[in-house]
Structure formats: structure tokens, C-alpha cells
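Here's the structure, in C-alpha cells; my notes come after.
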Amino acid sequence: MTNILALYPKGRVTLRELGLRDGLQMTSSWPGTAAKLEWIERACRAGVRNIEIGSFLPEARFPQFADVRQLIDRVDGIPDAFSSALTLNERAVDDALATAVSEIVVVVSATEAHSRSNVNRSRESAIELLRYARARRDAIGSGPVISVAVSVAFGCPFEGNVEPESVMRVVDRCLGAGAEVISLADTVGVAGPRQIAELLGLVNPRVGDVPVVIHLHDTRGTGIANAYAALDAGIRVLDGTIGGLGGCPFAPGATGNVVFEDLVYLCERSGFSTGIDLDRLIGFRSILEREMPGENLFGAIARAGTPDSISWKV
């Protein structure tokens, strides 16, 4: 069984690169399998260790994820590298459990309306899928960590404001259903630092040793500020995508993720070692430029570079 402390060591920052999954959800083009394998290898050479590599979805509707099994196999062959993948129904869970994936993610929305739009099932049904995933993994006796991503935890495009207490009730239900990792997502990029701190002030004391992840979108330019607020609140696992790719196709206005390169710089400049070589990281943006020439790439660090005249790392 995957060791959760290997994925998320206590006392250190872990940054998860989600470009091959979240990053490709809304693009009009995507890299071929060979280029994705190069993406994985170059990311790992740069020091990235946690990579979300796709979703177990019908290939006819989501061809960008048709090679998910090949990517899992590649990550499995790299020492100290870990893969995660999204599962939205029971068949996907079973398919994922038949692979060497390190972590499978079930999505549970903080609101009923987003749950219906995003995964075409009620929140209660989504929680039951999480319970199913944990039970199936436990019955096998080995396999991946079971995680839950709580979508629209800071605001919903259909229902508006989402109260922290309401999110906490969803988190409690997910813990009861067997979640081993809790991810809180600002799916439509509406949060500010105050909202991040307020929700984490409720969640952190309640989850015990369960790792909490913050998944941020930079839709309205607050992503990096929110990431710092999360670090300040004790969060040590954060998500981003190379070049800020991505978004949720089932949540209106849910554009790009926090730029992974900028997130690395923020952590290092704030005194948190990431183990990631930022110059190598910036260098492999060339894969995206080559394979997806029509897509916009973002990032202050890629544009300006790391400063030469001052020491910016811990």
C-alpha cells in the first residue's frame, strides 16, 4: 500500500504539478504520449515528485486522457516519484485500482448544484463513491492512497457564497467515508487570503494527521496571495500547473490554475525548501510551447527569470 508519509512528508512543503490532468481539461490541443512522457521525465529531473497524470474517463469523450495507464507506468518507474489520477465513477475507481497509481482522487463538491454539473451525481452519491473507493482498496489490501477533492470550497458559480461551516460538514462526511487526504479547491478563483485563513482555521484542528491540500486558481489574480495565506495557516501541500494551464469545464469562469513555477519561487522565497530546480522547471515549458502552440502560458518567473544579484533560496 502506498505510504502516505512518502507522498506527503510531515514538516516539509510538497508541491503537486497537475498540468497533465487539470491543465489539459480545457485546452484545444494537447501533447502526444511521447511528449507527455518527456514532460514527466523532465519534471522529475527538476525535482517534482508529485504529478497528477490524468483522469480515468471515456476515451471517446476525453481523448487527452487516453494514455493515462502508460503515464502511470512511467511514473512508477521513477524512484521517489508519485502519480495521482481522477476517478469520477465506480468503473474508473476499479480501473485505477488495477494500475500502479499512487493516489486516486474522488471529487465531492461543496454545493449540490456544482456536483450535478461537474460529476452528474448528487453530493451524497459522490461521498458514497469515496466510500466505495476506500472499501475496494482496503479489500485488495494494497494500492493507492484515497483522496478527496472538495470543489468550490470558497464559492460556487451556481449557488454563490459557500459558508465555511457548510464546507466543514462536507469535510467531516468525507473523513467518515474514508478519505486519507483532503484537498480544498478554489475552483472558480474567488477566494482572498482572508477566506483561505477562515476556512483553514476550521479545517486544520478537525482533521488530525490527515494531510490538507490547497488547490487554487488564479482566475482573479489572487492565487499567489492565497497560496501564501495557506502556508501561513500551516498548509504544506499545494497544487499548481506549469504555465498556469487549466480550469474546470463544468464551472463557468473557472480559468487557469496557480502557475507552478511562481508557486515554487514563492515557497523558496518564504523559507520553505521545495527540492525543485526552478531553472530546469522553466526550461521544460518548451514542451508546451512546442506541442500546444495555440495555448496561452502564464508566469511571472518564466517572464522575468530568477534574480541573479540576490540569494532567493533558503
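Only heavy atoms go into these numbers, but all of them, side chains included; no hydrogens, no water, no symmetry mates. We count residues from 1, following the sequence as given.
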Over all atoms of both residues, closest heavy-atom pair of Leu129 and Arg121:
CD2-NH1, 3.8 Å
Let's go through Phe154 and Ile196 carefully: what are the C-alpha distance in whole Å and the side-chain angles of both, what is the deciding distance for side-chain contact (heavy atoms from CB on, under 4.5 Å) to 0.1 Å, and is it a yes or a no?
CA-CA 8 Å; Phe154 298 92; Ile196 299 291; 3.7 Å; yes
Does any N or O in the side chain of Glu17 come within less than 3.5 Å of the main-chain N or O of Gly19, such that one atom is a donor and the other an acceptor?
yes
Stepwise side-chain contact (heavy atoms from CB on, under 4.5 Å) check, Thr14 with Arg236:
CA-CA 6 Å; Thr14 299; Arg236 295 295 178 262; over 6 Å; no
Donor-acceptor pair between Asn3 and Tyr8 side chains, under 3.5 angstrom
no
Taking the basic N atoms (NZ, or NE/NH1/NH2) and the acidic carboxylate oxygens, is any pair closer than 4.0 Å for Glu198 and Arg194?
no
To the nearest 0.5 Å, how far apart are CZ in Phe158 and OG in Ser117?
3.5 Å
Are Val148 and Leu7 joined in one hydrophobic group, where the rule is that I, L, V, M, F, W and Y side chains link up if heavy atoms are under 4.5 Å apart?
no
Please report the C-alpha distance between Ile224 and Val258 in whole Å, then the side-chain angles of each, then the deciding distance to 0.1 Å, and finally whether the side-chain contact (heavy atoms from CB on, under 4.5 Å) criterion is met.
CA-CA 7 Å; Ile224 285 293; Val258 169; 3.9 Å; yes
If I take atom OH from residue Tyr132 and atom OG from residue Ser125, how far apart are they, to the nearest 0.5 angstrom?
12.5 Å
Tell me whether Thr111 contacts the main-chain N or O of His114 through its side chain, where contact means a donor paired with an acceptor under 3.5 Å.
yes
Within the supplied structure, the quantity of interest is the number of heavy atoms (other residues, nucleotides, ligands) at a distance under 6.0 Å from Tyr228 OH; does it exceed 12?
no
Backbone N or O of Ala225 within a donor-acceptor pair of the Thr222 side chain at under 3.5 Å?
no
Hey, what's the ring geometry for His217 with His215, parallel, tilted or perpendicular (30° and 60° as the breaks)?
tilted
In terms of hydrophobic clustering (I, L, V, M, F, W, Y; side-chain heavy atoms under 4.5 Å; direct or indirect links), are Val259 and Ile242 co-clustered?
no
Among Leu278, Thr241, Thr306, which one satisfies side chain to side chain contact (heavy atoms under 4.5 Å, CB included) with Glu261?
Leu278
CG-CZ distance between Asp279 and Phe284, expressed to the nearest 0.5 angstrom:
13.5 Å
Looking at Glu124 and Arg173, is there a salt bridge between them, counting it only when a charged N and a carboxylate O are closer than 4.0 Å?
yes
A side-chain contact here means heavy atoms from C-beta on lying under 4.5 Å apart; do Val107 and Leu88 qualify?
yes
Measure the shortest side-chain to side-chain distance between Ile78 and Arg74 over non-hydrogen atoms and say whether it is less than 4.5 angstrom.
yes
Test item: Asn257 side-chain N/O and Leu245 main-chain N/O as donor-acceptor pair under 3.5 Å
yes
Whether Arg134 and Asp138 form a salt bridge (side-chain N of Lys/Arg under 4.0 Å from carboxylate O of Asp/Glu) is what I want to check.
yes
Closest heavy-atom pair, Pro144 versus Val101, reported as atoms and distance to 0.1 Å, is CB-O, 3.3 Å
What are the two closest non-hydrogen atoms of Pro79 and Gly77, and how far apart are they?
CD-O, 3.7 Å
May I ask you to decide if Gly192's main-chain N or O and Gln195's side chain share a donor-acceptor pair within less than 3.5 Å?
yes
Check: Arg123 side chain, Ala110 main-chain N or O, donor-acceptor pair, under 3.5 Å:
yes
Under 3.5 Å: donor-acceptor pair, side chain of Asp262, backbone of Ile301:
yes
Are side-chain heavy atoms of Cys267 and Leu15 found at a separation under 4.5 Å?
yes
Main-chain N/O of Ala191 paired with Asn226 side-chain donor or acceptor, under 3.5 Å
yes
Are Glu90 and Arg136 within salt-bridge range, i.e. N to O under 4.0 Å?
no
Verify the distance criterion only: is there a donor paired with an acceptor across the side chains of Arg21 and Gln25 at less than 3.5 Å?
yes
Do Glu52 and Ser84 pair up side chain to side chain, a donor and an acceptor below 3.5 Å, judged on atom types alone?
yes
Any heavy-atom pair between the side chains of Leu288 and Leu297 that's under 4.5 Å?
yes
Within the supplied structure, the quantity of interest is the number of heavy atoms (other residues, nucleotides, ligands) at a distance under 6.0 Å from Arg290 CZ; does it exceed 12?
yes
If we only count heavy atoms from C-beta on, is the Val212 to Val237 side-chain gap below 4.5 Å?
no
Can you tell me how far CD1 of Ile53 sits from CG of Asp76, rounded to the nearest 0.5 angstrom?
11.0 Å
In Å and rounded to the nearest 0.5 Å, what is the CG to OG1 distance from Leu71 to Thr33?
6.5 Å
State, with a plain yes or no, whether a side-chain heavy atom of Asp232 is found less than 4.5 Å away from one of Pro193.
no
Assigning hydrophobic clusters by single linkage (Ile, Leu, Val, Met, Phe, Trp, Tyr; side-chain heavy-atom cutoff under 4.5 Å), is Leu184 placed with Val145?
no
State, with a plain yes or no, whether a side-chain heavy atom of Arg280 is found less than 4.5 Å away from one of Arg45.
yes
When you look at CG of Asn120, are more than 12 heavy atoms from neighbouring residues, nucleotides or ligands closer to it than 6.0 Å?
no
Ignoring hydrogens and geometry, is there a side-chain-to-backbone donor-acceptor pair from Ser166 to Val162 under 3.5 Å?
no
Val181 and Ser147 have their tightest heavy-atom pair at CB-OG, 3.2 Å
One should read off an interatomic distance between Glu180 CD and Leu130 CG, to the nearest 0.5 angstrom, of 9.5 Å
Between Leu238 and Leu231, does a side-chain contact (heavy atoms from CB on, under 4.5 Å) hold up when you go through it step by step?
CA-CA 9 Å; Leu238 299 102; Leu231 289 168; 3.7 Å; yes
Side chains of Glu295 and Trp30: donor-acceptor distance under 3.5 Å anywhere?
no
Do Val75 and Ile104 sit in the same hydrophobic cluster, where Ile, Leu, Val, Met, Phe, Trp and Tyr count as joined when their side-chain heavy atoms come under 4.5 Å apart?
yes
Looking at side-chain heavy atoms only, is the closest gap between Leu24 and Met292 below 4.5 Å?
yes
For residues Cys44 and Ile51, report the shortest heavy-atom separation together with the two atoms involved.
SG-CD1, 3.8 Å
Is a side-chain N or O of Arg49 found less than 3.5 angstrom from the main chain of Arg16, in a donor-acceptor match?
no
Grab the two heavy atoms, one from Leu263 and one from Ala227, that are nearest each other, plus how far apart they are.
CD1-CB, 3.7 Å
Any chance the side chains of Glu103 and Thr2 put a donor and an acceptor closer than 3.5 Å?
no
Does Phe260 share a hydrophobic cluster with Trp39, counting links as ILVMFWY side-chain heavy atoms below 4.5 Å and allowing steps through other members?
yes
